[in-house]
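For this chain, numbers begin at 1 and follow the sequence in order. For ligands, and for the atoms within them, numbers begin at 1 and follow the listed sequence.
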Amino acid sequence: MQPNADAEIEGDAGCGILTIDLGAIRANYAALRARAGASRCAAVVKADAYGLGAAQVAPALRRAGCDVFFVAHLDEGIALRAALGGGATVAVLHGPPPKAEPAFTAHDLTPVLNSPEQIAAWRAHAAFRRTRLAAFLHIDTGMSRLGLSATQVAAAAADPDAMRGIDVTLVMSHLACADQPEHPANTEQLVRFQALRRLLPPAPASLSASSGIFLGAAFHLDLVRPGAAVYGIAPHRARGNPTRAVVRLQGRVAQLRDIPAGAAIGYGATLRAARPMRLATVAVGYGDGLPRSLGNRGAAWLDHHRLPIVGRVSMDSLTLDATGAPVGLGALVDLIGPRNRLDDVAADAGTIGYEILTALGARYRRRYVDERPHPGTLPAGEGADSPDVREAVG
Ligand SMILES: *Cc1c(COP(=O)(O)O)cnc(C)c1O
């Protein structure tokens with residue numbers, strides 16, 4: 001092998017390129033914060049910032065002025081604290097697992113307390129450390145998932161020792177139906193939340209994630225906690241998408257072939273060519289997080305050419321109908337791009353943008369861009385030499 005052979009295939013060696021626009025992330029955050037008015041705007045970066053890389057995304061949000069971050073698990077909190085350094089609040093939605101309280105104080109993490117058991121353990125930890133400890137308190141108002149029930153809130157409120165040594169710096173709840181603005185559960189949960197809050201000592205309150213922010217000022221309270229909309233997912237799909245696109249997923253054409261009428265395409269021979277076709281096999285499959293349910297649904301794009309997905313999606317590849325389109329070997333086609341945004345691809349796959357993003361996997365070459373150029377506006381391939389572009393294999 002030539003000494004520089006690897007350098008020559010740089011950028012071509014993976015299955016495709018996942019471009020993540022940190023500038024669009026910051027712009028979406030700024031727009032959400034403006035939308036939330038006087039309310040503070042946190043950012044949810046659980047699941048590795050919805051699959052986009054918390055170590056890159058969270059510091060970018062920090063530079064945009066975000067100083068409260070939410071993750072789901074303790075491990076995520078530890079990693080995020082290391083990425084952010086000191087200063088910002090890092091809250092862990094699931095709270096401390098049994099006996100993990102010392103890890104929270106060691107890494108300066110704020111637990112979200114979801115149950116009487118977690119409250120008791122945090123209270124004991126504060127007593128052991130002979131200090132007061134901050135915590136967020138989560139009340140369930142209609143999801144039956146995490147948080148104190150109404151009965152448990154009332155019991156905690158009636159017991160003067162329940163919160164001894166704990167500074168509740170946020171009381172929060174979570175909306176079940178915020179993506180359906182007309183759903184009566186939204187107002188019901190708001191009313192229930194306000195009533196339960198009043199039983200407890202005064203503390204700032206938070207109810208809304210991305211979609212809730214768009215339900216109006218009554219839902220903003222003191223702090224909002226968007227995740228999805230920061231990453232370009234529409235808060236209310238039926239009302240259009242006010243966010244900027246954050247991800248572009250380009251798959252590489254690994255082979256071109258001309259097939260005669262009657263030839264079978266892919267596993268299960270689910271499709272037979274009705275006419276002679278030119279097929280482009282792209283080196284991206286469900287092993288890269290592209291759902292198998294996209295088989296014979298949806299399309300990739302090359303500039304303004306729509307290339308329908310034909311046959312089943314395999315683990316490492318999928319097949320496009322490239323008949324009549326100027327697709328060359330090695331071309332990068334948009335599996336998620338300006339003409340097929342994340343939510344559109346999710347709808348084609350019968351799922352939601354959240355699931356597509358968090359499934360995107362580790363096989364792509366990841367490219368983080370900032371400011372301009374950004375993936376929503378560029379034709380394929382441009383921008384790679386910009387000094388703003390940092391590339392990471394991930
Ligand atoms: C995931 C999550 C969020 C963020 O929700 P988005 O819909 O992504 O904005 C906010 N709060 C809680 C409790 C969550 O679990």
Exercise for review: Could you check whether the rings of F214 and H236 sit parallel, tilted or perpendicular, using 30° and 60° as the cut-offs?
Suggested key: perpendicular

What residue and heavy atom of the protein are closest to [atom], and at what distance?
atom	answer
atom 11 (N) of ligand 1	R225 NE, 2.9 Å
atom 15 (O) of ligand 1	K46 NZ, 2.8 Å
atom 8 (O) of ligand 1	Y50 OH, 2.5 Å

Locate the shortest heavy-atom distance separating [X] from [Y]; write the atom from each residue and the value.
X	Y	answer
V253	A280	CG1-CB, 4.0 Å
A325	L307	CB-CD2, 3.6 Å
P226	V230	O-CG2, 3.9 Å

Point to revise | Nitrogen or oxygen atoms of G227 and ligand 1 under 3.5 Å apart | key: yes

Review point. Do any nitrogen or oxygen atoms of M172 come within less than 3.5 Å of a nitrogen or oxygen of ligand 1?
Key: no

Relative to the heavy atoms of [X], which atoms of ligand 1 are at a distance of less than 4.0 Å?
X	value
P226	9 (O)
A228	6 (P), 8 (O), 9 (O)
R145	15 (O)
A209	3 (C), 4 (C), 5 (O), 6 (P), 7 (O), 9 (O), 10 (C)

Point to revise | Residue pair L80 / V45, side-chain heavy-atom distance below 4.5 Å | key: yes

Exercise for review: Using a 4.5 Å cut-off on heavy atoms from C-beta on, say whether the side chain of K46 contacts that of F70.
Suggested key: no

Residue part near ligand 1, for [X], under 4.0 Å between non-hydrogen atoms:
X	value
L93	side chain
Y354	side chain
H174	side chain
S210	both

Practice item. Indicate whether any N or O donor in one side chain lies under 3.5 Å from an N or O acceptor in the other, for D167 and T169. Key: no

Check your understanding: Is R339 paired with D334 through a side-chain N to carboxylate O contact shorter than 4.0 Å?
Key -> no

**Study point:** Basic-acidic side-chain contact under 4.0 Å: R26, D370
**Key:** yes

